[in-house]
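Have a look at the structure below before the remarks.
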Amino acid sequence: MEKSLNNYVHDNVIYSNQFAIIAFIVMVVFKIANLPSYMYQTAGRDAWIVIGILMAIEAAMFFVVLYITKRVNLLADNNKWLYIFHAFMYVYAMIRLTVLYSGLITYTSSSLFDQGRIDFILLAFALVIPYIASKGGNSVARLFEMLFYFVMAILLVMVLTPSFKADFSELTPIFGENNPKLVNSFIDYSVWFGDYVPLLYFTVKNNKNKIIDKASVPVAVISATIGIVVFYIAFIAVYGEAGGLVSFAFNRMSVFNTLSELLGATNFLSILVWMIMSILQITMIFLTACNALMCIIKNRILAIVVNTLVISALQWFFIKNLETAHNFAIGYVKYFVIVCAFAIPIAMVIYAKLCAKGKI
């Protein structure tokens, strides 16, 4: 078992360009699904400003995590204080996994099936996602890398062939309304942020190409940040005050809406690319939960089995629909998530510095 765990530690070493690709995808995917609708309900036409500020904070935190992952291997270190870190990481990952996993299941059910069988969808994901995660972080990173170019090709087609009509007057006046909920929009949706935290379990090594090594992460993070803000601007300009009623915004904003108005707009490219990105994101969070539990119980296989059963049971018996997941996300757990999103990386920066000085 010890040999297996040691091999697993080495399987979580990735290159800086792989870190960049993971960062780009996880920053984007769930922020363009139902979050635009939720954000508009709270922040109104100023939602694009709120998301811009939150994305800027998130972008900065990716560089903090990159600093940590280049200096320590949190899966290899056996310091007793790290048990606290692993415990917080586990709870944090399971909360986010519960909410976002529900989004993936609901999206799959409503997009690909007339009357989707949740049980079959849940079973399919319960087999696929744990299997991918069981291969280790290095394999997951390579999967991100392989699918990234396919995802980017589809996104490029969508960007270059827009089919919506926008009214940018919907964006004004900026902060022109006395909105008492505006402050809440910075806190309520913490579960949809903090995508940098799962990357703490990776160890990043420099790419042989110095240009790629230095430029890949800044380009990826800045591109994702700008892309999200532009998407929200376009979303508000298209839907205006109806923005709070539009579910799965990415699908609704995409091109090739070929079905009749009676059946509703369906974009098969958007369904395909979002599902690929969301499965990768869910796998990443599931891997984080498995890493955390594995470091506590010292059994990799048991950690995967337990997490598969727990998350499947939560989705089947308690989080039966997206509305329940949303209400759970904006409840008291949002405070725990937002504290972890900042406290965990800061604590690990201190840990990395103490390790460098030989004090731990």
Side-chain angles (χ1 to χ4, degrees), residues 1-14 18 22 26 65 68-69 72-101 104 122-144 194-205 279-319 333 336-337 340 343-345 347-348 351-352 355 360:
M1 180 59 66
E2 188 66 30
K3 182 178 179 181
S4 175
L5 291 176
N6 288 335
N7 290 337
Y8 189 73
V9 166
H10 296 300
D11 283 344
N12 284 270
V13 179
I14 64 174
Q18 292 175 319
I22 294 172
V26 299
V65 170
I68 298 167
T69 55
V72 295
N73 187 328
L74 295 174
L75 288 177
D77 293 353
N78 292 316
N79 190 292
K80 62 180 181 179
W81 293 107
L82 284 181
Y83 280 95
I84 300 174
F85 162 76
H86 297 312
F88 275 94
M89 284 287 283
Y90 182 73
V91 178
Y92 173 84
M94 291 302 289
I95 290 173
R96 294 198 69 216
L97 187 60
T98 299
V99 176
L100 300 184
Y101 198 16
L104 171 59
L122 187 59
L123 177 61
F125 287 143
L127 294 174
V128 173
I129 292 174
Y131 174 76
I132 299 173
S134 70
K135 298 300 180 181
N138 187 271
S139 296
V140 173
R142 286 200 301 268
L143 187 59
F144 268 88
D195 294 309
Y196 46 85
V197 177
L199 275 71
L200 283 168
Y201 277 124
F202 287 104
T203 298
V204 177
K205 60 181 179 181
I279 290 173
L280 290 173
Q281 166 77 319
I282 293 298
T283 302
M284 177 64 65
I285 302 175
F286 183 84
L287 176 64
T288 303
C290 290
N291 285 337
L293 187 58
M294 178 190 71
C295 290
I296 295 173
I297 65 176
K298 304 301 181 182
N299 190 309
R300 174 184 175 185
I301 297 175
L302 182 60
I304 294 172
V305 172
V306 168
N307 285 337
T308 301
L309 295 175
V310 169
I311 195 60
S312 297
L314 285 172
Q315 295 296 324
W316 181 252
F317 294 107
F318 299 101
I319 310 295
V333 297
F336 176 83
V337 171
C340 286
I344 289 176
M348 290 304 100
Y351 178 79
C355 286
I360 294 184

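Quick note: numbers below take in every heavy atom, side chains included, and nothing from hydrogens, waters or symmetry partners. Along the sequence shown, residues are numbered consecutively beginning with 1.
A donor-acceptor contact shorter than 3.5 Å links the side chain of Asn138 to the backbone of Val13.
The shortest non-hydrogen separation linking Ile14 to Gln18 is CB-OE1, 3.3 Å. Nearest heavy atom pair, residue Gly194 against residue Tyr92, reads O-OH, 3.0 Å. Nearest heavy-atom pair across Val72 and Thr203 is O-OG1, 3.7 Å. Nearest approach of Ile282 to Tyr101, heavy atoms of both residues: CD1-N, 3.5 Å. The two residues Tyr196 and Pro345 come nearest to each other via the heavy atoms CE1-CG, 3.8 Å. Residues Ala303 and Ile297 share a closest heavy-atom pair of N-CD1, 3.9 Å.
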Start with the C-alpha distance between Met284 and Phe144, add both sets of side-chain angles, then the distance that settles side chain to side chain contact (heavy atoms under 4.5 Å, CB included), and finish with yes or no.
CA-CA 10 Å; Met284 177 64 65; Phe144 268 88; 3.6 Å; yes
Can you list the steps and then say if Asp77 with Tyr351 is a side chain to side chain donor-acceptor pair (under 3.5 Å)?
CA-CA 11 Å; Asp77 293 353; Tyr351 178 79; 3.0 Å; yes
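Not a single side-chain contact (heavy atoms from CB on, under 4.5 Å) links Ala124 to another residue, sequence neighbours left out.
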Distance-only donor-acceptor pairs under 3.5 Å for side chains of residues 82-91, two or more places apart:
from: His86; atom 1: ND1; to: Tyr201; atom 2: OH; distance (Å): 2.8
from: Tyr90; atom 1: OH; to: Asn307; atom 2: OD1; distance (Å): 2.8

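Each of Leu75, Ile301, Val306 was evaluated against Met294; a single residue qualifies, Leu75, per the side-chain contact (heavy atoms from CB on, under 4.5 Å) test.
Judged as a salt bridge (charged side-chain N to carboxylate O under 4.0 Å, His left out), the pairs with a partner in residues 79-99 (not counting sequence neighbours) are, in order, Arg96-Asp195.
By the 4.5 Å heavy-atom criterion applied to side chains, Ile132 and Phe286 are not counted as neighbours.
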